[in-house]
Structure formats: C-alpha cells, structure tokens
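Please read the structure below before turning to the comments.
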Amino acid sequence: QVQLLESGGGLVQAGDSLRLSCTVSGRTFRSVVMGWFRQAPGKGREFVATFSRSDGNTYYADSVKGRFTISRDNAKNTVYLQMNSLKPEDTAVYYCAASLLPVAVDWRDYVYWGQGTQVTVSS
C-alpha cells in the first residue's frame with residue numbers, strides 16, 4: 001500500500017513563497033506518477049502539477065505556470081512543490097497524490113492521496 005505524508009503549508013502574505021513536501025512510502029517514484037492538486041472551499045479539486053512517468057516531463061495548470069515548480073528527490077522518495085509569488089487565489093488545501101498511470105492530470109486517475117495541507121495567502 002502507498003502512503004503519502006505532506007507538510008509545508010501555512011499562512012503567508014501575497015508575494016511570499018512556500019515549499020510543500022510529500023514523502024512516499026510503500027512505492028518508489030519508478031512505479032508511480034506523482035501529482036499535486038488543490039481544493040478551495042466550495043470548489044472542485046483542481047490539478048496543479050505532475051510528472052510524466054514515460055519521459056519525466058512536467059505539466060502545470062495555466063493558473064500556476066511560471067510560479068510553481070514540481071520537483072523530486074528519488075533517494076528520499078519525496079516530491080516537492082515550490083510556490084513563488086503566491087496570490088490570495090492560491091488559498092486552498094493542497095494534496096499530494098500518486099497514480100499508477102504513465103501520466104495523469106485528472107484527479108480521478110489518482111488512487112493514493114495525502115491528508116492535505118492548508119495554504120492561506122492574505123492580500
């Protein structure tokens with residue numbers, strides 16, 4: 001079974017930065033595709049960023065492109081989400097997730113989820 005543990009959320013001001021971390025146990029990055037999603041109150045779960053298992057390419061939602069960066073440390077089985085130039089609209093619960101598909105941007109394609117970490121950006 002895959003287990004994901006997230007950390008790094010918090011309260012920041014607009015323009016600040018945060019780095020979220022997600023440590024994976026039970027699997028390695030060679031066998032799963034990792035992605036980040038977020039969900040604001042009253043809204044659906046939104047894709048943020050992911051890797052492609054086949055070629056390692058990264059994919060980002062248009063709303064975060066140029067500001068957020070997904071990265072990983074295979075030796076530590078950890079994936080990161082570096083968030084720069086944060087805006088109030090980025091306020092949400094952020095989730096780390098794992099998929100068994102080669103590439104996935106739809107939350108329905110992810111079968112393992114972390115507990116979520118709250119990110120709040122004040123104006």
Side-chain angles (χ1 to χ4, degrees):
Q1 186 178 28
V2 175
Q3 296 183 7
L4 291 74
L5 181 61
E6 297 163 289
S7 63
L11 173 63
V12 299
Q13 298 185 69
D16 285 353
S17 298
L18 280 175
R19 189 178 74 162
L20 307 182
S21 299
C22 175
T23 299
V24 181
S25 62
R27 296 266 190 157
T28 69
F29 292 136
R30 294 180 181 179
S31 59
V32 297
V33 167
M34 301 299 302
W36 287 96
F37 291 80
R38 66 186 183 185
Q39 187 167 17
K43 297 184 178 180
R45 191 157 297 185
E46 177 188 13
F47 166 76
V48 176
T50 190
F51 294 103
S52 167
R53 183 195 294 176
S54 60
D55 57 14
N57 287 343
T58 56
Y59 299 86
Y60 297 93
D62 289 340
S63 59
V64 307
K65 194 173 300 181
R67 299 187 298 120
F68 290 11
T69 303
I70 186 172
S71 62
R72 60 188 173 189
D73 186 332
N74 290 335
K76 297 181 179 179
N77 279 345
T78 299
V79 63
Y80 304 95
L81 184 68
Q82 178 66 44
M83 304 184 294
N84 297 327
S85 301
L86 283 164
K87 306 174 181 179
E89 62 203 68
D90 295 317
T91 296
V93 176
Y94 283 71
Y95 297 92
C96 175
S99 173
L100 301 181
L101 298 175
V103 60
V105 298
D106 191 323
W107 68 268
R108 301 176 185 87
D109 294 329
Y110 288 78
V111 296
Y112 302 105
W113 294 84
Q115 80 285 355
T117 184
Q118 177 70 47
V119 173
T120 302
V121 185
S122 63
S123 59

Using modelled atom types only, decide if a donor and an acceptor are shared between the side chain of [X] and the backbone of [Y] within a distance under 3.5 Å.
X: Glu6; Y: Gln115; answer: yes
X: Gln82; Y: Thr69; answer: no
X: Thr23; Y: Thr78; answer: no

| Is there any ring pair (Phe, Tyr, Trp, His ring centres under 6.0 Å) pair reaching into residues 48-75, and which pairs are they, with sequence neighbours excluded? |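 Those involving residues 48-75 do not exist here.
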N/O donor-acceptor pairs under 3.5 Å from side chains in residues 11-22, not counting sequence neighbours:
residue	atom	partner	partner atom	Å
Asp16	OD2	Gln13	N	3.2
Ser17	OG	Asn84	OD1	2.9

Work out which heavy atom in [X] is nearest to a heavy atom in [Y]; give both atom names and the distance.
X: Val48; Y: Val64; value: O-CG2, 3.7 Å
X: Val32; Y: Ala98; value: CB-CB, 4.2 Å
X: Tyr110; Y: Val105; value: CE1-N, 4.4 Å
X: Asp109; Y: Ala104; value: CB-CB, 3.6 Å

| Side chains of Val33 and Val103: closer than 4.5 Å at any heavy-atom pair? | no
| task | Find out whether Trp36 and Met83 are in side-chain contact, i.e. whether some heavy atom of one side chain is under 4.5 Å from a heavy atom of the other. | result |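 No, every pair of side-chain atoms sits at 4.5 Å or beyond.
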| When rounded to the nearest 0.5 angstrom, what distance separates OG1 in Thr58 from NZ in Lys65? | 9.5 Å
| field | Connected via hydrophobic side-chain network under 4.5 Å: Tyr80 and Tyr94 | value | no
| From Trp107, Phe47, Tyr95, residue fulfilling ring-ring contact (aromatic ring centres under 6.0 Å, His included) relative to Phe37 |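 So, applying the ring-ring contact (aromatic ring centres under 6.0 Å, His included) to Phe37 and each of Trp107, Phe47, Tyr95, only Phe47 qualifies.
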| query | If you look only at pairs with a residue in residues 82-103, which of them pass as a salt bridge (Lys or Arg N to Asp or Glu O under 4.0 Å), with sequence neighbours excluded? | reply | Arg38-Asp90, Arg67-Asp90
